[in-house]
Amino acid sequence: MTVLVDPPMWPRHGRVWGHLVSDASLAELHAFAARAGLPDRGFDQDHYDVPAEHYERLVALGAVLVDGRELIRRLRASGLRVRARDRF
């Protein structure tokens, strides 16, 4: 079980954002996010959106930095990925 984070590269609201996911369970993801102090509003069905300024802390807490393709590959393999057509 691993929590993964990809490099921040998505500009929005004056910040640059990336994603935090679990390759095992949403429970693991939510527990990690709570330990990291991420707000619940950052959760988007299968991942947390996280601004660049949180990355150093996330990695220090044990998140593994991977590229975006690897993050998506592992999220899909976990069965946790919510497809775009299934998002509300």
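Here the structure is a predicted model, which means the values were calculated and not measured.
- For W17 (side chain) and A52 (main-chain N/O), no donor-acceptor pair under 3.5 Å exists by modelled atom type.
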Could you pull out every donor-acceptor pair under 3.5 Å between side chains of residues 23-30 and any protein atom, sequence neighbours left out?
unit_1	atom_1	unit_2	atom_2	d
D23	OD1	T2	N	2.7
D23	OD2	R74	NH2	3.0
S25	OG	E28	N	3.0
E28	OE1	S22	OG	2.4
H30	ND1	Y48	OH	2.7

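- Checked against salt bridge (charged side-chain N to carboxylate O under 4.0 Å, His left out), D67 has no partners two or more places apart in sequence or in another chain.
- Following chains of ILVMFWY side-chain contacts shorter than 4.5 Å, one can reach F43 starting from V3, so the two form part of one hydrophobic cluster.
- Interatomic distance, CZ of R41 versus CG of D49, reported as 11.5 Å (0.5 Å rounding).
- Within the model, atoms CG of L71 and CZ of R69 stand 13.0 Å from one another, a figure rounded to the nearest 0.5 Å.
- Applying the side chain to side chain contact (heavy atoms under 4.5 Å, CB included) criterion to R73, with sequence neighbours excluded, gives E70.
- H47 NE2 to R81 CZ: the interatomic distance, rounded to the nearest 0.5 Å, is 7.5 Å.
- To the nearest 0.5 Å, atom CD of residue Q45 and atom CZ of residue R83 are 12.5 Å apart.
- Judged purely by atom type and a 3.5 angstrom limit, D6 uses its side chain to pair as donor or acceptor with the backbone of H19.
- The hydrophobic cluster containing V66 also contains F32, counting ILVMFWY residues as joined when their side-chain heavy atoms lie under 4.5 angstrom apart, directly or transitively.
- By the 6.0 Å contact criterion, CD on E56 is open, its count of non-hydrogen atoms from other residues, nucleotides or ligands being 12 or less.
- Between D46 and L75, the closest side-chain pair of non-hydrogen atoms falls below 4.5 Å.
- Linking Ile, Leu, Val, Met, Phe, Trp and Tyr whenever their side-chain heavy atoms come within less than 4.5 Å leaves V21 and M9 in two separate clusters.
- Contact check for L38 versus V50: side-chain heavy atoms found under the 4.5 Å cut-off.
- No continuous path of ILVMFWY side-chain contacts below 4.5 Å connects L80 to V82, so the two sit in separate hydrophobic clusters.
- In terms of modelled atom types and a separation under 3.5 Å, the side chain of R57 and the main chain of A36 share a donor-acceptor contact.
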